[in-house]
Amino acid sequence: MRYDFHMNDARTAPVIIGIAGGSGSGKTTVVRRLTASLGDAKVSVLEHDRYYRDRSDLRLEERAALNYDHPDSLETDLLVQHVKTLRSGEPIQAPQYDFARHNRLDTFDTVQPRTAIIVEGILIFADAPLRALMDVKVFVDADDDTRFIRRLQRDITERGRTVQSVIDQYLGSVKPMHLEFVEPSKRYADIIVPRGGHNDVAIEMLLTLARGLVARG
Ligand SMILES: Nc1ncnc2c1ncn2[C@@H]1O[C@H](COP(=O)(O)OP(=O)(O)O)[C@@H](O)[C@H]1O
Ligand SMILES: Nc1ccn([C@@H]2O[C@H](COP(=O)(O)O)[C@@H](O)[C@H]2O)c(=O)n1
């Protein structure tokens, strides 16, 4: 089978795979399965979450009250530049982000250029220049109540939140921004994975596609 997308047959550049979907939809789970299937040595992952803007100008309480689900909360230009750098075969210094403090850390992770570059995040299809870099666009879908329950559990155990703060943030910004920006961006997907990260049939098809693309790299 031949996959054309918008790339050249004589590909030397890495294949760039975008994994989008609402918060708690199962994106990280899909990325883990892709990485396990292709092999760590062949895959670099860039999370859009790393690129939340540095807001050291604000106090912690002020930062906690910001809307983190609007595209302007992220430094997407820098992510675009980093994807281009990786595509050209050079490593990048990816920012690290602290969800408990709502701010960038002073430290970075070196990300190496590899055969496949996975870009993951809720808003990666909402940005045209970023979208244009992707060879394959996957949207991981899940019911809103399922996503909310997963987020509640995760934000309390991993991101230092209270039940009330998760509810307030969900109703105040996560849900309205999801409806305004994330859900409409699904139209750009090449593949939609229903029922989140544990949909074995859909994920197996995605893994077969990805292995084929990487083998040609
Ligand atoms: N289909 C599923 N059924 C049950 N739990 C799931 C499913 N997909 C993901 N999860 C769990 O839900 C949580 C959120 O998934 P994750 O992949 O981190 O979402 P995202 O990266 O989109 O926010 C994780 O604890 C994960 O193990
Ligand atoms: N300081 C921050 C920054 C982001 N968030 C939330 O993270 C969500 C995206 O991450 P997923 O792993 O869930 O895709 C997004 O919905 C932001 O609300 C935050 O809570 N605090």
Side-chain angles (χ1 to χ4, degrees), residues 17-36 45-76 79 95-105 118-127 130 137-183 185-186 189 191-204 206:
I17 303 173
I19 309 285
S23 178
S25 59
K27 299 181 294 299
T28 310
T29 309
V30 172
V31 170
R32 284 201 192 111
R33 291 188 64 175
L34 266 173
T35 308
V45 180
L46 267 187
E47 299 91 353
H48 202 186
D49 281 356
R50 289 175 173 274
Y51 295 79
Y52 276 112
R53 293 183 190 281
D54 185 84
R55 297 310 309 265
S56 303
D57 54 316
L58 301 178
R59 287 180 292 114
L60 176 61
E61 311 82 77
E62 294 172 314
R63 292 200 299 270
L66 292 176
N67 176 347
Y68 290 103
D69 293 76
H70 191 283
D72 291 349
S73 61
L74 291 141
E75 201 178 348
T76 305
L79 174 59
Q96 292 183 346
Y97 191 77
D98 181 347
F99 285 93
R101 286 179 49 252
H102 303 278
N103 215 3
R104 288 245 181 114
L105 295 168
I118 299 177
V119 183
E120 180 261 329
I122 58 173
L123 289 162
I124 58 169
F125 295 167
D127 184 86
L130 184 57
K137 295 188 277 303
V138 180
F139 190 96
V140 183
D141 219 352
D143 291 342
D144 293 349
D145 53 356
T146 306
R147 293 192 301 99
F148 173 74
I149 292 166
R150 287 183 194 153
R151 180 173 172 127
L152 184 66
Q153 291 171 328
R154 184 211 46 204
D155 281 6
I156 289 169
T157 56
E158 295 174 22
R159 295 188 179 176
R161 307 295 158 79
T162 62
V163 172
Q164 195 57 50
S165 77
V166 177
I167 293 171
D168 292 345
Q169 187 186 8
Y170 186 81
L171 295 177
S173 53
V174 179
K175 181 177 176 181
M177 297 299 104
H178 179 86
L179 294 175
E180 189 172 344
F181 296 107
V182 183
E183 184 67 27
S185 76
K186 195 198 289 185
I191 299 167
I192 297 172
V193 177
R195 299 186 307 284
H198 294 196
N199 181 338
D200 287 332
V201 174
I203 292 171
E204 227 10 90
L206 172 62

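Atoms considered below: every heavy atom in the structure, side chains included; atoms not considered: hydrogens, waters and symmetry mates. Note that ligands are numbered from 1 as they come in the structure, with each ligand's atoms numbered from 1 the same way. For clarity, every value in this text was computed on a predicted model and none was experimentally measured.
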Is the closest heavy atom of Gly21 to ligand 1 under 4.0 Å?
no
Quick one: which ligand 1 atoms are inside 4.0 Å of a heavy atom on Arg195?
1 (N)
Arg154 heavy atoms, cut-off 4.0 Å: which ligand 1 atoms fall inside?
23 (O)
Does Ala142 have a non-hydrogen atom less than 4.0 Å from ligand 1?
no
At less than 4.0 angstrom from any atom of ligand 2, which residues have a non-hydrogen atom? List them by chain and residue number.
Ser23, Gly24, Lys27, Asp49, Tyr52, Tyr68, Asp69, Tyr97, Phe99, His102, Ile122, Arg151, Arg154, Arg159, Arg161, Gln169, Val174
Let me see the working for Val182 and Met177 under side-chain contact (heavy atoms from CB on, under 4.5 Å), right down to the final yes or no.
CA-CA 7 Å; Val182 183; Met177 297 299 104; 5.9 Å; no
Identity and separation of the nearest protein heavy atom to atom 14 (C) of ligand 1:
Arg150 CD, 3.8 Å
Please say whether Gly196 places an N or O atom under 3.5 Å from an N or O atom belonging to ligand 1.
no
Name of the residue among Tyr52, Tyr97, Tyr68 meeting ring-ring contact (aromatic ring centres under 6.0 Å, His included) with His102:
Tyr68
What protein heavy atom is closest to atom 21 (O) of ligand 1, reported as residue, atom name and distance in Å?
Thr28 OG1, 2.4 Å
Are any non-hydrogen protein atoms located under 4.0 Å from atom 25 (O) of ligand 1?
no
Is the shortest distance from atom 2 (C) of ligand 1 to a protein heavy atom below 4.0 Å?
yes
For Glu120 and Glu47 the tightest heavy-atom approach is OE1-CG, 3.3 Å
Geometric N/O contact Lys27 with ligand 1, under 3.5 angstrom
yes
Please confirm whether the backbone N or O of Arg150 pairs with a side-chain atom of Gln153, one donor and one acceptor, at under 3.5 Å?
no
Closest to atom 19 (O) of ligand 1 among protein heavy atoms sits Gly26 N, 3.1 Å
Inter-residue atom distance Lys175.NZ - Ser23.OG, 0.5 Å rounding
14.0 Å
Identify, for atom 23 (O) of ligand 1, the protein heavy atom at the shortest distance, and state residue, atom and that distance.
Gly24 N, 2.9 Å
Should you measure from each heavy atom of Gly22, which atoms of ligand 1 turn up under 4.0 Å away?
22 (O)
re atom 8 (N) of ligand 1, the protein heavy-atom contact at minimum distance is Gly197 N, 3.3 Å
Heavy-atom distance under 4.5 Å between the side chains of Phe99 and Asp49, does that happen here?
yes
Other residues, nucleotides, ligands: >12 heavy atoms within 6.0 Å of Arg32 CZ
no
Are a donor atom and an acceptor atom from the side chains of Ser56 and Asn103 found within less than 3.5 Å of each other?
yes
Apply the test side-chain contact (heavy atoms from CB on, under 4.5 Å) to residues Ile203 and Thr29: give CA-CA distance (whole Å), side-chain angles for both, the deciding distance (0.1 Å), then the verdict.
CA-CA 10 Å; Ile203 292 171; Thr29 309; 5.8 Å; no
Applying the salt bridge (Lys or Arg N to Asp or Glu O under 4.0 Å) criterion to Glu75, which one of Arg104, Arg55, Arg53 satisfies it?
Arg104
Within the 4.5 Å heavy-atom criterion, are Leu152 and Arg147 side-chain neighbours or not?
no
For the pair His48 and Thr76, evaluate side-chain hydrogen bond (donor to acceptor under 3.5 Å, both in side chains) and give the outcome as yes or no after the intermediate values.
CA-CA 8 Å; His48 202 186; Thr76 305; 2.9 Å; yes
For atom 9 (C) of ligand 1, closest protein heavy-atom neighbour
Thr29 OG1, 3.6 Å
Strictly distance-based, threshold 3.5 Å: is any side-chain N or O of Lys27 a donor or acceptor partner for the main-chain N or O of Gly22?
yes
